[in-house]
Visitor: 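Sharing a structure with you now.
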Amino acid sequence: MRHIGVSNVMAAQMAQARRIAKIICVQNMYNLAQRNDDALIDSTAAAGIAYVPFFPLGGFSPLQSDALSKTASQLGATPMQVALAWLQRRLPNILLIPGTSSVAHLAQNIATVDLALPDDVLATLDGIGAAAKH
Ligand SMILES: NC(=O)c1ccc[n+]([C@@H]2O[C@H](COP(=O)([O-])OP(=O)(O)OC[C@H]3O[C@@H](n4cnc5c(N)ncnc54)[C@H](OP(=O)(O)O)[C@@H]3O)[C@@H](O)[C@H]2O)c1
C-alpha cells in the first residue's frame, strides 16, 4: 500500500491515524452550507494533506439558497457552478469529486475552473455557511 486516505473522520480520529501512518487525503462531507470541517480543512492544508469534500453539491439534499441563486445569476452561472467555484477558492488542497449522470452537468462543472469569484461575492457565499451553523 503506497498511499492511505481516510473518510468520515473527526479531527481527533485524524490525529490518531496520523500517529499510526502517513495520511495523504481525507474525504468528509463539506460544502457551502455544511461547514463543520472548516478547522480540519485548514489543518490538512497546513500539513500538505488533500481534502476531498463529498456531497460538494449537497448530495441527496441539493444545495438551495436564495443568496446562492442570486449570486449565480449575477455571475451568469448556475448555483451549482458557484458552489463548486467557492470550494475551489476555499483552499488549494481541496480536490473536487462532484457526481453527475449528465454530460451537460459535467461540462458545467469542469467550466467552474474559470469561474472567478470577486471578494464581495465570496463574503456573501461565506455568509450562507455561517447562517447554516446557527
Ligand atoms: N466517503 C463517503 O462516505 C461518501 C459519502 C457520500 C458520497 N461520497 C462520494 O462523493 C462524491 C459526490 O457525491 P454525490 O454525487 O452523491 O453528491 P454531489 O456531488 O453533492 O451531488 C450530486 C448531485 O448533484 C447533481 N449535479 C451535479 N452537477 C450538477 C450541475 N452542474 N447542475 C445541477 N445539478 C448537478 C447530480 O445530478 P445529475 O446526475 O442530474 O447531474 C446529483 O444529483 C461521489 O464520488 C460519492 O461516491 C462519498
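Owing to the predicted nature of the structure, the values given are computational and were not obtained by experimental measurement. Both backbone and side-chain heavy atoms feed into the values below; hydrogens, waters and symmetry mates do not. Counting convention: from 1, in listed order, for ligands and their atoms alike.
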Visitor: List the atom of I23, the atom of R18, and the distance in Å for their closest heavy-atom pair.
Guide: CG1-CG, 3.9 Å

Visitor: Which is it for N31 and ligand 1 at heavy atoms under 4.0 Å: side chain, backbone, both or neither?
Guide: neither

Visitor: If you apply the rule side-chain contact (heavy atoms from CB on, under 4.5 Å), what do you find for L125 with R89, and how did you get there?
Guide: CA-CA 11 Å; L125 295 174; R89 271 292 293 274; over 6 Å; no

Visitor: Does the protein place any heavy atom closer than 4.0 Å to atom 46 (C) of ligand 1?
Guide: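 No, no protein heavy atom sits under 4.0 Å from atom 46 (C) of ligand 1.
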
Visitor: Do any nitrogen or oxygen atoms of G59 come within less than 3.5 Å of a nitrogen or oxygen of ligand 1?
Guide: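 Checking ligand 1 against G59, an N or O pair does fall under 3.5 Å apart.
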
Visitor: For residues A83 and L68, report the shortest heavy-atom separation together with the two atoms involved.
Guide: N-CD1, 4.2 Å

Visitor: Please classify the S7 to ligand 1 contact at 4.0 Å (heavy-atom distances, strictly less than): side chain, backbone, both or neither.
Guide: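 Side chain only; the backbone of S7 stays clear of ligand 1.
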
Visitor: Identify the closest protein heavy atom to atom 14 (P) of ligand 1: which residue and atom is it, and at what distance?
Guide: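 Here the nearest protein heavy atom works out to F55 CD2, 3.9 Å.
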
Visitor: What atoms of ligand 1 come closer than 4.0 angstrom to any heavy atom of P98?
Guide: 19 (O)

Visitor: In sequence, state the C-alpha distance, the side-chain angles, and the governing distance for I49 and M14, and then conclude on side-chain contact (heavy atoms from CB on, under 4.5 Å).
Guide: CA-CA 11 Å; I49 296 169; M14 178 65 179; 3.7 Å; yes

Visitor: Protein heavy atoms near atom 26 (N) of ligand 1, is at least one of them under 4.0 angstrom away?
Guide: yes

Visitor: If you scan the protein for heavy atoms around atom 43 (O) of ligand 1, do you find one that is closer than 4.0 Å?
Guide: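 Neighbour list for atom 43 (O) of ligand 1 is empty of protein heavy atoms (cut-off 4.0 Å).
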
Visitor: In terms of atom number and element, which parts of ligand 1 are under 4.0 angstrom from non-hydrogen atoms of T100?
Guide: 27 (C), 38 (P), 39 (O), 41 (O)

Visitor: Hey, does T78 come in under 3.5 Å of ligand 1, counting only N/O atoms on both sides?
Guide: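 It does not: no N or O of T78 is found under 3.5 Å from an N or O of ligand 1.
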
Visitor: Nearest 0.5 Å please: distance from the CG atom of L96 over to the OH atom of Y51.
Guide: 11.5 Å

Visitor: Considering only protein heavy atoms, which is closest to atom 3 (O) of ligand 1, and at what distance to one decimal place?
Guide: N8 ND2, 2.9 Å

Visitor: Could you tell me whether the side chains of W86 and N31 share a donor-acceptor contact shorter than 3.5 Å?
Guide: no

Visitor: Among all protein heavy atoms, pick out the one at the shortest distance from atom 10 (O) of ligand 1; state its residue, atom name and that distance to 0.1 Å.
Guide: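 Checked against all protein heavy atoms, atom 10 (O) of ligand 1 sits closest to F54 CB, 3.3 Å.
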
Visitor: Quick check on G58 - does any of its heavy atoms sit under 4.0 Å from an atom of ligand 1?
Guide: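 Checking ligand 1 against G58, which is what was asked, there is a heavy-atom contact under 4.0 Å.
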
Visitor: Check the side chains of Y30 and D38 for a donor-acceptor pair under 3.5 angstrom, ignoring hydrogens and angles.
Guide: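 Checked: D38/Y30 side chains pair up, N/O donor to acceptor below 3.5 Å.
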
Visitor: Nearest protein heavy atom to atom 15 (O) of ligand 1, by residue and atom, and its distance?
Guide: G99 CA, 3.2 Å

Visitor: What are the two closest non-hydrogen atoms of L63 and G58, and how far apart are they?
Guide: CG-N, 4.0 Å

Visitor: Can you see which heavy atom on A116 is nearest to which on P118, and at what distance?
Guide: O-CD, 3.6 Å

Visitor: I need the minimum non-hydrogen distance between Q81 and Q108, along with the two atoms involved.
Guide: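 Minimum heavy-atom contact is NE2-O, 2.9 Å.
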
Visitor: Identify the protein heavy atom lying closest to atom 48 (C) of ligand 1, giving its residue, its atom name and the separation to 0.1 Å.
Guide: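 For atom 48 (C) of ligand 1, the nearest protein heavy atom is Q27 OE1, 3.1 Å.
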
Visitor: Which protein non-hydrogen atom lies closest to atom 30 (C) of ligand 1, naming both residue and atom, and how far is it?
Guide: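 Atom 30 (C) of ligand 1 sits closest to the protein heavy atom H105 CG, 3.4 Å.
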
Visitor: Could you identify the single nearest non-hydrogen protein atom to atom 31 (N) of ligand 1 and state the distance to 0.1 Å?
Guide: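 Among all protein heavy atoms, the one nearest atom 31 (N) of ligand 1 is N109 OD1, 2.8 Å.
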
Visitor: How close does the nearest protein non-hydrogen atom get to atom 12 (C) of ligand 1, and which residue and atom is it?
Guide: I97 O, 3.2 Å

Visitor: State, to 0.1 Å, how close P79 and A72 come at their nearest heavy-atom pair, and which atoms those are.
Guide: N-CB, 3.5 Å

Visitor: L57 to ligand 1: N or O pair under 3.5 Å?
Guide: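 Yes; the residue has a nitrogen or oxygen that sits under 3.5 Å from a nitrogen or oxygen of the ligand.
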
Visitor: Roughly how far apart are M29 CE and D37 CG, rounded to 0.5 Å?
Guide: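 Between M29 CE and D37 CG, I get 9.0 Å after rounding to 0.5 Å.
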
Visitor: Please indicate whether any nitrogen or oxygen in M80 is less than 3.5 Å from any nitrogen or oxygen in ligand 1.
Guide: no

